[in-house]
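Quick notes on the structure that follows.
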Amino acid sequence: MEQVKNPHPEEDPISVLPRVGPKVASTLEKLNIFQVKDLLFHFPYRFQDKTRITPINSLVDREFALVVGRITSVEENFRRSRTRQSYRPSRSLTVKIRDDAGSMKMVLFHFSNQQKYYLERASWIKCFGEVRLMGRSLQMTHPEYSVYEYSPTIPQADRLTPVYGLTEGIGQGMMRNIVLSALEYCKNLTVPNLLPKAVIRANGLSDMELAFDDIHTPKIDDHQEGQDYSSLPAMRRLIFEELVSFQVARRQQKKIRQAADAPNMNPEGDLSKQLRDSLKFTPTKSQRTVIREIITDLRSASPMLRLVQGDVGSGKTLVAAAAAAWVVDSGHQVAIMAPTELLADQHLKSFYDWFSPLGIDVQVLTGRLTQKVRKQVERGMKTGQANIVIGTHALFQEGVEFKSLGLVIVDEQHRFGVGQRFALREKGVMDKQVPHQLVMTATPIPRTLAMGFYADLDVSNITELPPGRIPIKTEIFASDHRANAIQRVDAVCASGQQAYWVCPLIDKSEVLDVESAVEAEKFVRQSLPGRRIALIHGRIKSDKRDKIMTRFRKGEIDVLVATTVIEVGVDVPNASLMVIESSERLGLAQLHQLRGRVGRGATQALCTLLYKQPLSDMSRSRLQVMQETTDGFKIAEKDLELRGAGELLGTRQTGAQIFRIAEITRDRSLLGDVIKAADLILEQHPELIDPLIRRWTIREGQYSAV
Ligand code: ADP
Ligand code: MG
């Protein structure tokens, strides 16, 4: 029987492909991949050039390269570390590699005995990875590698190797193979163009038919030495298209929001006045301006979506409280979402102190409430008894309902995934009513990016700190000078103040992270026998963590040794010293957040940044930025210059990916033209809007919130 030709193989379910069984299929669904077509549109966000071997003496710090050489030695090293819970030596493997031009090291921290066995017996190695210059020696940590008995022949591949966004359970190699089989399955399929001719022409984009093969595995000769992959003609057109899609989606979203009804607000009521009168300080001019901007939005007919940017310590909580008071006065409820339980608790304290004397019901909903208490809180939310509910992501779980949600406040928005924020807003959608939304962040979007691009978002800036704050001093030491830091801590404690000692996430594994904090606590304890020292990290149960935080707040603890759990929002004005170990490993935004935990009182605060040697030039520049300024906006701009927006906007590493292939830092010069293209499409090509958004959306609702 002759087989009928399938006219649309791309619409078949992915299960038709080899290697895609039910388990892999359900894993791919997490990336919204259901049909073969979805794999074709799962574009690589970067490429590796494995077509050329780089001689060791031509390697460049922080660049990826393929190296082939002889193994000259394999050495296992042990580092003993004793913790309270366990006694566990951690080991690493150093492999020395030499080619005609020079030598380098390959280092593995996680390896099996079998891996070691093969490395010891092999004579040749081929490895591909990121090169780092450590002091004077070149090193690759955990590269992809294979070993050989004889000098390996290198297959002359003429195409670049794609790197894909992944989800747990599917590795890079597997994803490559699956996409390759999808390409094979729909041979010679091309990507339909969704940009108007005029846009293609005006922006000098490639107007060639794009073949999927050329996108997933571009030919090397399309690519010139030293050129950024994003400037491959096919990639450039797709990046442009993705940015246009994002812009169009946000503008659509704004239209939808503006067409929706907002909860009704009254003129200023008693509660707002009472709150103002009960304050122990005078709001700054900047706080007052921002509050006014918010109230104006609240009183308009369509739902607000406003971002409040204000440096750490600028007093965003009060702004949130003023907005909440207005909404409660008008008979609606307020939900406040914080990224951590620690922060939710702290907000609870502030809001409770401000509002409960005024007869307002303030509740907290986090993951750790007992079933019984939780049910009670949920009942209060549903009946409207609870006026203000503070919580973590538990706030928008299944089954949580509000009687009349008027305002959603999201604190430190960069810590949430976009999907999570959206889910919370949905909760308020009843009879077409959309609650107002206020988003607060201390990690500002640099002006260069914010302008125009976040088109649907109104922005308020708190531009001054409360009076009397003395700018924090920052000093930088190599970790060999830990003793200096200890002296600082001792002096601070002697004057009746408190200190933080932070060990950031050093390893991907939480175990090691906790271990290093445990070690640091021992070190601090031994060095400062008379002081009261406590340790706090993610593995400590939350009720115990609370107790420690409360004691620290009350001044019953002198030094709090912590992982970055204390990063956001924690407010203890008597703490005036922040020591950060391995500070070179942290992003500038994160360092700024951490440093912002001090300098909240009336005394001179100090931040001591310790780093592990050797320090690369890049890391040095970054730490110097911290020394030069305490202005969060400036730091954000510098961060953008030095490293890229991924970190800044909290996207890739938190799993809340906004773009498939575009990268807002790298591609920022396109933004102006992208906005023009979006205008044109919205005005003259409405038929393109839906296909554009559908092609590029990663998850349902992904473009809809901040
Ligand atoms: P952030 O913007 O980092 O969230 P907070 O809202 O936690 O800052 O405020 C930091 C500290 O400053 C808090 O202790 C708060 O009570 C205090 N504060 C806020 N506004 C003022 C003000 N206008 N005058 C004096 N202190 C203020
Ligand atoms: Mg805050």
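Atom set for the values below is all heavy atoms of this structure, side chains included, hydrogens, waters and symmetry mates excluded. In listed order, ligands and their atoms are each counted from 1. Just so you know, residue 1 is the first one in the sequence shown, and it goes up from there.
Salt-bridge check for Lys382 with Glu378: failed, with every basic side-chain N at 4.0 Å or more from each acidic carboxylate O. With respect to the salt-bridge test (charged N to carboxylate O, under 4.0 angstrom), the residues Asp571 and Arg600 qualify.
Not counting sequence neighbours, the partners of Lys349 by the salt bridge (Lys or Arg N to Asp or Glu O under 4.0 Å) test are Asp353. Residues forming a salt bridge (Lys or Arg N to Asp or Glu O under 4.0 Å) with Asp311 (at least two apart in sequence, or on another chain): none.
Within the structure, the closest approach of Gly310 to ligand 1 does not fall below 4.0 Å when heavy atoms are considered. Contact analysis puts Arg469 in contact with ligand 1, with a non-hydrogen atom separation below 4.0 angstrom.
Counting the atoms of ligand 1 from 1 in the order shown, those under 4.0 Å from a heavy atom of Pro283 are 23 (N). Numbered from 1 in the order shown, with element, the atoms of ligand 1 that lie under 4.0 Å from a heavy atom of Thr317 read 4 (O), 5 (P), 6 (O), 7 (O). Within ligand 1, counting atoms from 1 as listed, the ones closer than 4.0 Å to a heavy atom of Val312 are 3 (O). In the vicinity of Thr284, heavy-atom distances shorter than 4.0 Å reach the ligand 1 atoms 23 (N). Atoms of ligand 1 lying under 4.0 Å from at least one heavy atom of Arg600, given by number and element, are 3 (O), 7 (O), 10 (C).
By the criterion of a heavy-atom distance under 4.0 Å, the backbone of Thr282, and not its side chain, is placed next to ligand 1. When non-hydrogen atoms are compared, ligand 1 lies under 4.0 Å from neither the backbone nor the side chain of Met440. Proximity of Asp571 to ligand 1, defined as any heavy-atom pair under 4.0 Å, is confined to the side chain (atoms from C-beta onward). Of the heavy atoms in Asp311, only backbone atoms (N, CA, C, O) come closer than 4.0 Å to ligand 1. Residue Gln593 does not touch ligand 1, judged by heavy-atom distances below 4.0 Å. By the criterion of a heavy-atom distance under 4.0 Å, both the backbone and the side chain of Ser314 are placed next to ligand 1.
Other residues, nucleotides and ligands place more than 12 heavy atoms under 6.0 Å from the CG atom of Asn266. Surrounding OH of Tyr352 are at most 12 heavy atoms belonging to other residues, nucleotides or ligands under 6.0 Å away.
Ligand 1 has an N or O atom lying under 3.5 Å from an N or O atom of Gly313, backbone or side chain. Between Gly315 and ligand 1, a contact under 3.5 Å exists for at least one N or O pair.
Considering Lys316, Gln287, Arg288 only, the shortest heavy-atom separation from atom 1 (P) of ligand 1 involves Lys316.
Arg595 places a side-chain N or O within donor-acceptor distance of the main-chain N or O of Met626, the cut-off being under 3.5 Å.
In this structure, a donor-acceptor pair under 3.5 Å is absent between the side chains of Ser479 and Lys612. Side-chain contact annotation: Glu521 with Trp501, donor-acceptor N/O pair under 3.5 Å absent. Side-chain N/O atoms of Gln309 and Asn461 include a donor and acceptor closer than 3.5 Å.
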